[in-house]
Amino acid sequence: MSAVLHLDDLQVPVETGGTSRKARLTIEADGSLRLRAAEDITTDELRQFLASKREWVYRKLAEKEVLQHEPVTKELVDGEGFLYLGRSHRLKISDLDGVVRLERGRLVLPKQLAGAGQAGVIAWYQRCGETWLRSRVRSLAERLRVEPGAIEVADLGLKWGSATDGKRVRIHWATLQLSPALVDYVFAHELAHLREPHHGPDFWQLLGRVMPDYGERKQELAKRGASLWFGGTS
Ligand SMILES: [Zn+2]
């Protein structure tokens with residue numbers, strides 16, 4: 001019996017013994033998966049069991065709003081691919097000075113900033129992300145009837161976004177790698193929290209009014225989110 005199974009990009013450690021059922025899959029508070037299996041279950045049966053839980057897993061991860069991902073590392077070298085709003089951009093290390101920027105589809109990193117490592121690239125996500133979100137906020141906020149204060153893009157650890165103090169909305173910079181439809185979902189979700197802090201029926205109803213297909217986006221987010229880059233260089 002292999003000690004770790006995979007569900008798409010997710011790792012699922014397997015523990016055997018000590019269960020009354022054939023197999024039991026749980027999701028921990030941090031979004032990690034654990035599979036407990038009876039001694040006599042075969043690996044094939046266990047794989048089938050896991051596959052049958054796929055939709056449930058993504059639904060649960062989406063509900064928890066926890067980022068579940070495998071460590072993806074990037075190299076700060078010419079040609080490395082970086083996603084922004086769903087499109088991949090090749091990195092180009094430039095001899096010219098300046099800031100990190102998109103130029104003719106390439107993500108340009110000035111050589112003198114490359115020494116500082118990924119911080120410059122992450123700062124670029126933050127800067128562009130904030131500008132992009134500001135271009136989206138008016139229509140979403142109007143339809144949700146909320147008035148957000150500060151909109152910030154930051155490193156939020158295990159969260160896609162947060163809405164605090166009834167005003168401030170923050171989005172994880174890694175979110176900006178997703179397609180506009182999914183960034184919009186995360187953003188609209190947090191904006192909706194300014195009116196409905198909890199995930200009760202009123203919250204989902206409010207979100208559904210501005211985004212009728214939020215359910216699909218939510219599951220898509222849990223799937224796509226697992227393979228994004230969250231910082232870390234090799
Ligand atoms: Zn929420």
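Counting begins at 1 with the first residue of the sequence. Computed over heavy atoms, backbone and side chain alike; hydrogens, waters and symmetry mates excluded.
- By the 4.5 Å heavy-atom criterion applied to side chains, F82 and K74 are counted as neighbours.
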Chi angles and distances behind the side-chain contact (heavy atoms from CB on, under 4.5 Å) call for K22, F49
CA-CA 10 Å; K22 283 230 145 199; F49 170 78; over 6 Å; no
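- In this structure, CG on D202 lies 12.5 Å from CG on L207, to the nearest 0.5 angstrom.
- Within a 6.0 Å sphere centred on CZ of R224, other residues, nucleotides and ligands contribute 12 heavy atoms or fewer.
- Tracing side-chain contacts under 4.5 Å through hydrophobic residues (I, L, V, M, F, W, Y), one never reaches V72 starting from V77; they form parts of separate clusters.
- Taking 4.5 Å as the limit, every side-chain heavy atom of D97 sits out of range of all side-chain heavy atoms of P110.
- Pairs engaging residues 135-149 under the side-chain hydrogen bond (donor to acceptor under 3.5 Å, both in side chains) rule: R136-D184 [sequence neighbours left out].
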With ring pair (Phe, Tyr, Trp, His ring centres under 6.0 Å) as the test, would you mind laying out the steps for H189 and Y214 before giving the verdict?
CA-CA 9 Å; H189 181 120; Y214 75 84; 8.8 Å; no
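- Using modelled atom types and a 3.5 Å distance limit, the side chains of R36 and T26 yield a donor-acceptor pair.
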Could you walk me through whether Q219 and E55 satisfy the side-chain contact (heavy atoms from CB on, under 4.5 Å) test, starting with their C-alpha distance in whole Å, then the side-chain angles of each, then the deciding distance to 0.1 Å, before giving a yes or no?
CA-CA 8 Å; Q219 290 204 23; E55 290 310 313; 2.7 Å; yes
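- Between Y84 and G129 the shortest heavy-atom distance is OH-N, 4.0 Å.
- Separation of atoms CD (E196) and CD (Q205) is listed at 9.0 Å; rounding is to 0.5 Å.
- Counting heavy atoms from C-beta outward, E220 and L182 have side chains that approach closer than 4.5 Å.
- A tilted orientation is assigned to the rings of W173 and Y125, their planes being inclined by 30° to 60°.
- Interatomic distance, NZ of K92 versus CZ of R104, reported as 6.5 Å (0.5 Å rounding).
- Side chains of S162 and R168 form no contact here, defined as non-hydrogen atoms less than 4.5 Å apart.
- Between the NZ atom in K53 and the CG atom in L7 there is a gap of 12.0 Å [rounded to 0.5 Å].
- Closest non-hydrogen pair, L178 versus V183, comes out as O-CG2, 3.6 Å.
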Show your reasoning for whether side-chain contact (heavy atoms from CB on, under 4.5 Å) applies to L50 and R47.
CA-CA 5 Å; L50 191 56; R47 283 212 182 92; 5.7 Å; no
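- The closest side-chain heavy-atom distance from V57 to L33 is below 4.5 Å.
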Apply side-chain hydrogen bond (donor to acceptor under 3.5 Å, both in side chains) to H193 and H198, showing your working.
CA-CA 7 Å; H193 274 317; H198 306 293; over 6 Å; no
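- The two residues I122 and G231 have their closest heavy-atom pair at CD1-CA, 4.4 Å.
- Shown here are the side-chain hydrogen bond (donor to acceptor under 3.5 Å, both in side chains) partners of E45, two or more places apart in sequence or in another chain: T42.
- Contact of the T73 side chain with the T233 side chain is not registered, since no non-hydrogen atoms from C-beta on lie closer than 4.5 Å.
- With respect to R90 and E80, no salt bridge is recorded, no charged nitrogen being found less than 4.0 Å from a carboxylate O.
- In this structure, the side chain of Q177 engages the main chain of W229 through a donor-acceptor pair within 3.5 Å.
- Within the 3.5 Å criterion, the main-chain N or O of D213 finds no donor-acceptor partner in the side chain of E216.
- What you find for F187 and L133 is that their closest heavy atoms are CE2-O, 3.4 Å.
- Scanning all heavy atoms of the two residues, the minimum distance from A222 to Y58 falls at CB-O, 3.5 Å.
- Remark: R195 pairs with no residue by the side-chain hydrogen bond (donor to acceptor under 3.5 Å, both in side chains) rule, at least two apart or across chains.
- Taking CD of Q48 as the start and OG1 of T43 as the end, the distance is 11.5 Å to the nearest 0.5 Å.
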Using the rule given for side-chain contact (heavy atoms from CB on, under 4.5 Å), can you reason through E152 versus V169, listing the C-alpha separation, both sets of side-chain angles and the distance that settles it, and then say yes or no?
CA-CA 6 Å; E152 293 165 11; V169 172; over 6 Å; no
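- Between G117 and L76, the shortest heavy-atom distance links the atoms C-CD1, 3.3 Å.
- Atom-to-atom distance recorded for T175:OG1 and L85:CG is 11.0 Å, nearest 0.5 angstrom.
- Of the options V99, V108, L109, L102, a side chain to side chain contact (heavy atoms under 4.5 Å, CB included) to W124 is made by L102 and by none of the others.
- In summary, D95 and K111 engage in a salt bridge, as defined by a charged side-chain N under 4.0 Å from a carboxylate O.
- When ring centroids are compared, F230 and H172 come within the 6.0 Å threshold.
- Counting only heavy atoms from C-beta outward, the side chains of H6 and V12 never approach each other to under 4.5 Å.
- Within the 4.5 Å cutoff, side-chain heavy atoms of V100 are placed close to those of L107.
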